[in-house]
There are 2 protein chains.
Amino acid sequence: MNVIDESGILAIATRLQRLSDQIRKDGFQIYKAHGIDFEPKWFPVMYTLFHKPVLSVVEIANEIGYTHPSTISLLKELEKEKLIRSKKDKIDERKRLLQLTDKGQTLVGKMQPVWDVLKIATAEMIDTENNLMRAIEEVEGQLKEKSFFDRAAAQMKRV
Amino acid sequence: MNVIDESGILAIATRLQRLSDQIRKDGFQIYKAHGIDFEPKWFPVMYTLFHKPVLSVVEIANEIGYTHPSTISLLKELEKEKLIRSKKDKIDERKRLLQLTDKGQTLVGKMQPVWDVLKIATAEMIDTENNLMRAIEEVEGQLKEKSFFDRAAAQMKRV
DNA sequence: CAAATATATGTAGTAGACTACATATATTGA
DNA sequence: TCAATATATGTAGTCTACTACATATATTTG
């Protein structure tokens with residue numbers, strides 16, 4: 001075991017990111033193995049527009065939990081791939097409304113069996129004594145109650 | 001609840017990254033609140049060199065689980081901050097040996113109480129029904145046995 | 001109803017990791 | 001022993017998110 005793994009929770013941010021990268025990389029390869037040209041980072045937008053067909057930029061950003069600039073750059077890529085298209089909102093001229101194209105719809109159809117496979121494979125992978133997905137949700141809940149910073153500050157006073 | 005959180009494990013990579021960023025950001029603020037000018041990304045290198053005083057570039061990379069180019073750029077920053085220094089290995093001329101400077105040693109000393117606070121705050125935060133740190137370790141173990149890609153491939157054949 | 005404020009979108013540059021490639025030195029094996 | 005291979009380090013450019021700032025339209029309020 002290396003020093004970092006021993007340091008345990010001090011390097012937890014690093015560990016989370018490493019795991020995320022690993023999963024994403026394999027995710028890309030799994031799509032590829034199914035003959036689908038799809039980048040995992042596109043999933044949140046495509047999945048969201050599949051379930052809520054017409055949304056503005058900020059609405060999508062909120063749904064996927066990204067900032068709007070990050071969202072805009074994803075949208076640009078997806079428009080370039082002709083998987084989504086946009087039109088001005090006639091009521092509110094500030095808004096740009098996004099939706100899947102026919103090509104986008106078709107791709108989602110093709111991806112759905114892959115998503116089923118991914119779901120099962122992931123479930124199997126994280127089904128251990130401490131379930132990773134539930135752990136994430138629980139920690140997110142904890143952070144909502146009291147931020148990490150506040151927890152450290154409270155601890156500081158005690159020491 | 002938004003669509004992505006509902007999509008559950010399909011967006012697990014995104015969720016992991018989001019959580020990592022959040023923790024890292026607060027981590028930086030916590031050092032700052034202690035009057036310490038230290039970036040969380042430097043932790044793995046500093047912690048490693050504190051426990052193993054003289055290491056080469058690749059040895060550090062292996063300890064912290066990063067690639068060597070990533071490690072090199074961290075080392076550059078730390079040398080610029082004069083927290084570490086390097087010298088040629090006299091036996092193996094290819095190697096560059098790194099170690100903490102006096103300033104680096106002193107900083108680690110100052111950080112140790114902060115690390116204690118961070119440890120306790122983190123432990124408190126992740127001490128839920130499903131412990132996040134243990135979940136990470138368990139999933140890393142699962143991936144060592146069989147990659148995510150191989151799991152999906154096996155699942156594919158079954159469907 | 002016009003000024004102030006809020007919201008929606010967009011651009012530019014940054015951060016922290018990566019891969020791919022290049023070079024220098026060390027080791028190995030025919 | 002020297003050619004082939006392996007290892008150590010370094011550079012350049014990429015990727016996927018971010019923050020900070022800018023602009024355009026809508027809404028609110030004095």
Side-chain angles (χ1 to χ4, degrees), chain A residues 4 11-29 38-46 54-80 84 86-98, chain B residues 4 11-29 38-46 54-80 84 86-98:
Chain A
I4 285 310
I12 196 166
T14 296
R15 299 284 290 276
L16 285 168
Q17 197 181 333
R18 207 194 296 175
L19 196 50
S20 169
D21 281 357
Q22 235 178 311
I23 292 173
R24 202 187 296 260
K25 221 167 283 173
D26 274 26
F28 178 73
Q29 291 303 327
F38 189 75
E39 298 184 24
K41 69 174 164 177
W42 294 340
F43 171 78
V45 171
M46 291 297 283
V54 181
L55 292 174
S56 73
V57 174
V58 168
E59 283 164 354
I60 294 172
N62 289 337
E63 285 287 336
I64 71 179
Y66 282 10
T67 60
H68 80 269
S70 307
T71 305
I72 286 170
S73 85
L74 289 176
L75 294 176
K76 260 188 197 156
E77 290 180 26
L78 290 168
E79 286 195 84
K80 202 172 166 190
I84 64 171
S86 69
K87 57 177 185 210
K88 270 244 163 297
D89 184 332
K90 277 165 192 161
I91 299 157
D92 187 337
E93 288 272 314
R94 293 170 304 178
K95 287 189 182 172
R96 193 156 70 90
L97 299 177
L98 285 303
Chain B
I4 285 311
I12 198 167
T14 296
R15 299 284 290 276
L16 286 169
Q17 200 181 330
R18 209 193 296 175
L19 197 51
S20 169
D21 280 358
Q22 237 179 309
I23 293 172
R24 202 188 296 259
K25 221 167 282 174
D26 274 26
F28 178 74
Q29 292 303 326
F38 189 74
E39 299 185 24
K41 68 174 164 175
W42 294 340
F43 170 78
V45 171
M46 291 298 283
V54 181
L55 292 175
S56 73
V57 174
V58 168
E59 281 163 356
I60 293 172
N62 289 338
E63 284 288 335
I64 71 181
Y66 284 10
T67 59
H68 80 270
S70 307
T71 306
I72 287 170
S73 84
L74 289 175
L75 296 176
K76 262 188 196 154
E77 289 180 28
L78 290 169
E79 286 195 84
K80 201 171 166 189
I84 65 171
S86 68
K87 58 176 187 211
K88 272 247 164 293
D89 184 330
K90 277 167 192 161
I91 299 157
D92 186 337
E93 289 271 315
R94 295 170 303 177
K95 287 190 185 172
R96 191 157 71 91
L97 299 178
L98 285 303

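First the proteins, then the strands, lettered A, B, ... as listed; each starts at 1.
- Sequence order on DNA chain D of the closest nucleotides to Asp92(A) and Arg24(A) puts Arg24(A) first from the 5' end.
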Should Leu74(A) and Lys41(A) be marked as a side-chain contact (heavy atoms from CB on, under 4.5 Å) after you check the CA-CA gap, both sets of side-chain angles, and the distance that decides it? CA-CA 8 Å; Leu74(A) 289 176; Lys41(A) 69 174 164 177; 3.9 Å; yes
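- Contact footprint of chain A on DNA chain D: nucleotides with an atom under 4.0 Å from a non-hydrogen protein atom, first to last in 5' to 3' order, dT16(D) to dA26(D).
- Atom CG of Asp21(A) sits about 11.5 Å away from atom CG of Asp26(A), to the nearest 0.5 Å.
- Residue-to-nucleotide proximity on DNA chain D shows that, of Glu39(A) and Arg94(A), the 5′-proximal contact is made by Glu39(A).
- One finds the CG atom of Leu98(A) at 4.5 Å from the CD1 atom of Ile84(A) (value rounded to the nearest 0.5 Å).
- Using a distance-only test at 3.5 Å, with no hydrogens or angles considered, no donor-acceptor pair links the side chain of Ser20(B) to the main chain of Leu16(B).
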Report the C-alpha separation of Phe38(A) and Phe28(A) in whole Å, then their side-chain angles, then the decisive distance to 0.1 Å, and conclude whether the side-chain contact (heavy atoms from CB on, under 4.5 Å) test is met. CA-CA 7 Å; Phe38(A) 189 75; Phe28(A) 178 73; over 6 Å; no
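- Between Arg15(A) atom CZ and dG16(C) atom P the separation is 20 Å, expressed in whole Å.
- For the residue pair Leu75(B) and Ile60(B), the shortest heavy atom distance occurs at CD2-CD1, 4.1 Å.
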Could you walk me through whether Val45(A) and Tyr66(A) pass the side-chain contact (heavy atoms from CB on, under 4.5 Å) check? CA-CA 10 Å; Val45(A) 171; Tyr66(A) 282 10; over 6 Å; no
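- A heavy atom lying under 4.0 Å from DNA chain D marks none of the residues of residues 54-61 of chain A.
- Heavy atoms of Glu77(B) sit nowhere under 4.0 angstrom from any nucleic acid atom.
- Within the 4.5 Å cutoff, the side chain of Glu79(B) has heavy atoms near those of the Ser86(B) side chain.
- Between Arg18(A) atom CZ and dC18(C) atom P the separation is 9 Å, expressed in whole Å.
- Residue Lys88(B) is classed as having no contact, given no heavy-atom separation below 4.0 Å to the nucleic acid.
- For the side-chain contact (heavy atoms from CB on, under 4.5 Å) criterion with Pro40(B), the lone passing option out of Lys25(B), Arg24(B), Gln29(B) is Arg24(B).
- Using a 4.0 Å cutoff on non-hydrogen atoms, the parts of residues 67-76 of chain B near DNA chain D are His68(B), Pro69(B), Ile72(B), Lys76(B), ordered by number.
- As rounded to whole Å, 19 Å separates atom P of dA17(C) from atom NZ of Lys41(A).
- Looking at Lys88(B), Glu59(B), Lys87(B) one by one, the single match for side-chain contact (heavy atoms from CB on, under 4.5 Å) with Lys95(B) turns out to be Glu59(B).
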Take Asp89(A) and Arg96(A), measure what side-chain contact (heavy atoms from CB on, under 4.5 Å) needs, and give me the verdict at the end. CA-CA 6 Å; Asp89(A) 184 332; Arg96(A) 193 156 70 90; over 6 Å; no
